[in-house]
Amino acid sequence: MGELLNSGLLNMASLMISLIVLLVGLVIWFFVNRASSRTNEQIELLEALLDQQKRQNALLRRLCEANEPEEKDAPKDAVAEDDKDEDDFIRLVAER
């Protein structure tokens, strides 16, 4: 009779360990699945943000090209302006 009692306890312990392992496995699966879902949502949001930024960059490029002034005489003026800036800088430097 002691043998039947011991084998029953052994079966019961084995069943309890199996249930605990199953429960731990389900909890781990839940958190991994939840993290995966959040990651997928974040990837979708980042892709949408990238698409929106590409559209904004294209629009900004078109606006800059439309507002770009014509530069026929600008290089001559720029050279004269650079010389003037250099002279101003030299006047600011103290001589020893």
Side-chain angles (χ1 to χ4, degrees):
M1 185 152 169
E3 293 177 6
L4 290 176
L5 186 62
N6 286 338
S7 67
L9 287 177
L10 185 61
N11 287 337
M12 189 65 118
S14 175
L15 182 63
M16 292 300 289
I17 290 173
S18 297
L19 288 176
I20 290 172
V21 169
L22 178 66
L23 183 62
V24 169
L26 287 174
V27 168
I28 290 172
W29 175 81
F30 172 76
F31 285 110
V32 168
N33 190 25
R34 184 174 165 201
S36 176
S37 297
R38 284 185 177 177
T39 303
N40 289 338
E41 289 174 3
Q42 288 176 348
I43 289 171
E44 288 176 12
L45 290 173
L46 287 172
E47 287 175 348
L49 183 63
L50 179 65
D51 184 46
Q52 187 178 22
Q53 285 178 342
K54 285 181 181 179
R55 285 187 275 136
Q56 287 177 348
N57 285 342
L59 179 62
L60 183 61
R61 201 172 294 123
R62 280 188 271 143
L63 286 172
C64 288
E65 290 172 359
N67 291 334
E68 193 173 275
E70 294 182 21
E71 298 183 14
K72 293 180 181 176
D73 297 326
K76 294 177 185 176
D77 294 338
V79 171
E81 220 173 271
D82 287 341
D83 291 339
K84 184 179 175 184
D85 288 339
E86 287 178 13
D87 291 340
D88 289 342
F89 181 71
I90 291 172
R91 280 188 271 146
L92 290 176
V93 175
E95 293 183 20
R96 293 185 180 194

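Every value quoted in this text rests on a predicted model; they were computed, and no experiment measured them.
For the pairing with Val27, the side chain to side chain contact (heavy atoms under 4.5 Å, CB included) check across Phe30, Phe31, Trp29 returns one residue only, Phe31. Val24 pairs with exactly one of Leu26, Ile28, Val21 by the side chain to side chain contact (heavy atoms under 4.5 Å, CB included) rule, that one being Ile28.
Checked by atom type and distance alone, the side chain of Ser18 pairs as donor or acceptor with a backbone atom of Ser14 at under 3.5 Å.
A distance of 10.0 Å separates CG of Asn57 from NZ of Lys54, quoted to the nearest 0.5 Å. Here CD of Glu41 is found 10.0 Å from OG of Ser36. Values are rounded to the nearest 0.5 Å. Between the CG atom in Leu15 and the CG atom in Asn11 there is a gap of 8.5 Å [rounded to 0.5 Å].
No path of Ile, Leu, Val, Met, Phe, Trp and Tyr side chains, each step under 4.5 Å between heavy atoms, connects Ile17 with Leu9, placing them in separate hydrophobic clusters.
Listed by chain and number, the hydrophobic cluster partners of Leu60 come to none, as no ILVMFWY side chain reaches under 4.5 Å of it.
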Do any side-chain atoms of residues 45-52 form donor-acceptor pairs under 3.5 angstrom with protein atoms, and if so which ones, sequence neighbours left out?
none

